[in-house]
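So you know, we letter chains A, B, ... as the sequences are listed, proteins then strands, and number each from 1. Hydrogens, waters and symmetry mates play no part in the numbers below; they use all other heavy atoms, side chains included.
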Number of protein chains: 2
Amino acid sequence: MRLVVARCSVDYTGRLTAHLPLAPRLLIVKADGSVLVHSDGGSYKPLNWMTPPCTLTTSRRDDEEALEDPEGEWIEQWDVVHDKTGDRLRVRLVEVFEDSSHELGIDPGLQKDGVEAHLQALLAENIDTLGEGWSLVRREFFTAIGPVDILARDESGGSVAIEIKRRGEIDGVEQLTRYLELLNRDPLLAPVRGIFAAQAIKPQARVLAADRGIDCVTLDYDALRGIDDAESRLF
Amino acid sequence: MRLVVARCSVDYTGRLTAHLPLAPRLLIVKADGSVLVHSDGGSYKPLNWMTPPCTLTTSRRDDEEALEDPEGEWIEQWDVVHDKTGDRLRVRLVEVFEDSSHELGIDPGLQKDGVEAHLQALLAENIDTLGEGWSLVRREFFTAIGPVDILARDESGGSVAIEIKRRGEIDGVEQLTRYLELLNRDPLLAPVRGIFAAQAIKPQARVLAADRGIDCVTLDYDALRGIDDAESRLF
DNA sequence: ACATGTATGTCGTGG
DNA sequence: CCACGACGTACATGT
């Protein structure tokens, strides 16, 4: 990883064209050749960047040459070209304040907990919180247009398709609607009810779900985890 | 902006919990207090981060204290707490390879060109590329559920709602469908046809659009721009 | 402040 | 390799 702090201008040409006027910025060149251009604010997202796989070539001008050129007084130029899309990033460095390199090695990676996958697992294990006598058929029930999060049977043996979201918004209801349309064409399953389950459901999503005959359920992550813990203590 | 390269471990607790085991990484502290944790690959997105507004407090341990503690041999700890959500990021530094600071100032900002807004303006100005005798009614025609990109009239005076996307995918068709449902309830406008316009349209989106009776049009950005240039030269 | 739609989204997963 | 869905999505814009 190479870290450069420099006064520079940046141009990007690819899915769009963009230009950054001359100013001091942080430039990061990663081991895979990818480049990030960061300002001292507006975090997370770089002002400009190039994703791997890409190729970086650098060229220099000596001071005299730079001084002669009235247009751009840059002393070093980076040309980064994306290997597949041909997107281009050009960085022109005018004044370099820092330039250092470090060997970091490959990162062991992030361990996550508490995302949708986890919610799904918890609800699948505690499917009877939706109703007494309910049973799990499958998690990630595959259809031609994508996986249904949970397929279950209610107390009377009827099929229920459950879509789980951390946040319940309108496109989640659309997604479940598409699944229900498809599932209800299968005579072995039909009729299939829909349940839209989320930690919080927006009013618009609720209205749309009601209009489509889909039930809404709010999930309490901590409560589900609590049930799960309580159950595992029995063993 | 402070740049630190260090062997560190990171823990995040907030919308989820996440842990990064001890490894060498780049830590960036921006002027607004936000923190980014980057590895030497997998670009653009930090492994972990804290967005502003947030507060960073640092604490140190002297070497003896660190050596006595068999658990964690960290010598410096950063606690970053988000001012509004209470999300927490904790970084424990074990070995520091670099620690530098720079004053960058406020960035003049990015100039963009070629996104959806531009496509919309170009198509609005050249609405007759969709058919002879077509006319523009409004750009950003406002409805209760959001703005329709372009509302136009075809050669026979019929209403046409146009949804524009850079890339035509399934959710764009869903969006247009919702608009059409609503617009067709307005007796002054109905019947309203739909056109899904994009630089490239995915097969699935095409199929769904056909199923909904929506026409697809691919837009040639350069051609539209060319027409526009040619027209402006007439004045 | 909240809601909505876009993104050079990025990133994983499964076919 | 492509398609799809999740994301601590982030981010700008309009009310």
Checklist entry - Quick one: is B:Lys45 getting a side-chain N or O under 4.0 Å of the C:dG9 phosphate, OP1 or OP2? => result no
Checklist outcome for this item: Per side chain to side chain donor-acceptor pair (under 3.5 Å), B:Tyr12 is matched among B:Asp87, B:Asn48, B:Thr17 by B:Asp87
Checklist entry - Considering only C:dG15, C:dT4, D:dG8, which nucleotide approaches the side chain of B:Asp87 most closely? => result D:dG8
Next on the checklist: Would you measure the distance from the P atom in C:dT4 across to the matching atom in D:dG8 and give it in whole Å?
Outcome noted: 22 Å
Checklist entry - Under 4.0 Å between a side-chain N or O of B:Tyr179 and OP1 or OP2 of C:dG5? => result yes
Next on the checklist: Both distances below 3.5 Å, Watson-Crick or wobble geometry, any strand: find the nucleotide opposite C:dT8.
Outcome noted: none
Checklist entry - Looking at CE of A:Met50 and CG of A:Asp83, how far apart are the two atoms once the value is rounded to the nearest 0.5 Å? => result 9.5 Å
Next on the checklist: With a 4.0 Å cutoff (strictly under), does any side-chain N or O of A:Arg15 reach OP1 or OP2 of C:dG9?
Outcome noted: yes
Checklist entry - Among A:Glu116, A:Gln199, A:Gln175, which residue meets the side chain to side chain donor-acceptor pair (under 3.5 Å) test with A:Lys165? => result A:Gln175
Next on the checklist: Let's see if you can work this out: which of D:dC11, C:dT10, D:dA3 has an atom nearest to the side-chain heavy atoms of B:Lys202?
Outcome noted: D:dA3
Checklist entry - Between D:dG5 atom P and A:Phe196 atom CZ, what is the distance in whole Å? => result 13 Å
Item to check | Gap between atoms CG and C1', on A:Asn48 and C:dT8 respectively (whole Å) | outcome: 8 Å
Checklist outcome for this item: Taken to the nearest whole Å, CG/B:Leu16 to P/D:dA6 is 15 Å
Item to check | Nearest-angstrom distance from the residue atom CG of B:Leu110 to P of D:dA12 | outcome: 10 Å
Checklist entry - Given atom CG of A:Leu176 and atom P of D:dC4, what is their separation to the nearest angstrom? => result 18 Å
Next on the checklist: Mind checking if A:Glu169 touches a base, just sugar-phosphate, or nothing, with heavy atoms under 4.0 Å?
Outcome noted: nothing
Checklist entry - Salt-bridged, A:Arg139 to A:Glu125, with N to O below 4.0 Å? => result no
Item to check | Proximal nucleotide (of D:dG8, D:dG5, C:dT10) relative to the B:Met50 side chain | outcome: D:dG8
Checklist entry - A:Arg206 CZ to C:dA3 P: how many Å, rounded? => result 14 Å
Checklist entry - What is the distance, rounded to the nearest whole Å, between atom CG of A:Asp171 and atom P of C:dT4? => result 11 Å
Item to check | Polar side chain donor-acceptor pair, A:Ser159 to A:Arg193, under 3.5 angstrom | outcome: no
Next on the checklist: Just N and O in the side chain of A:Trp49: are any of them under 4.0 Å from OP1 or OP2 of C:dT10?
Outcome noted: yes
Next on the checklist: Counting only side-chain heavy atoms from C-beta out, which of D:dG8, D:dA6, C:dT8 sits nearest to A:Tyr12?
Outcome noted: C:dT8
Next on the checklist: It should be established whether A:Lys84 places a side-chain nitrogen or oxygen under 4.0 Å from OP1 or OP2 of nucleotide D:dC1.
Outcome noted: yes
Checklist entry - Are OP1 or OP2 of C:dT6 and a side-chain N or O of B:Gln175 less than 4.0 angstrom apart? => result yes
Checklist entry - If you find the nucleotide of DNA chain D closest to A:Arg178 and the one closest to B:Gly14, which residue's nucleotide is nearer the 5' end? => result A:Arg178
Checklist entry - Can any side-chain N or O of B:Asp149 pair as donor or acceptor with the backbone N or O of B:Ile164 at less than 3.5 Å? => result yes
Checklist entry - What's the CD1-C1' distance between A:Ile170 and C:dC2, to the nearest Å? => result 16 Å
Next on the checklist: Quick check on DNA chain C: between A:Glu140 and B:Ile164, whose nearest nucleotide comes earlier from the 5' end?
Outcome noted: B:Ile164
Checklist entry - Base, sugar-phosphate, or nothing: which does A:Thr85 touch, judged by heavy atoms less than 4.0 Å apart? => result nothing
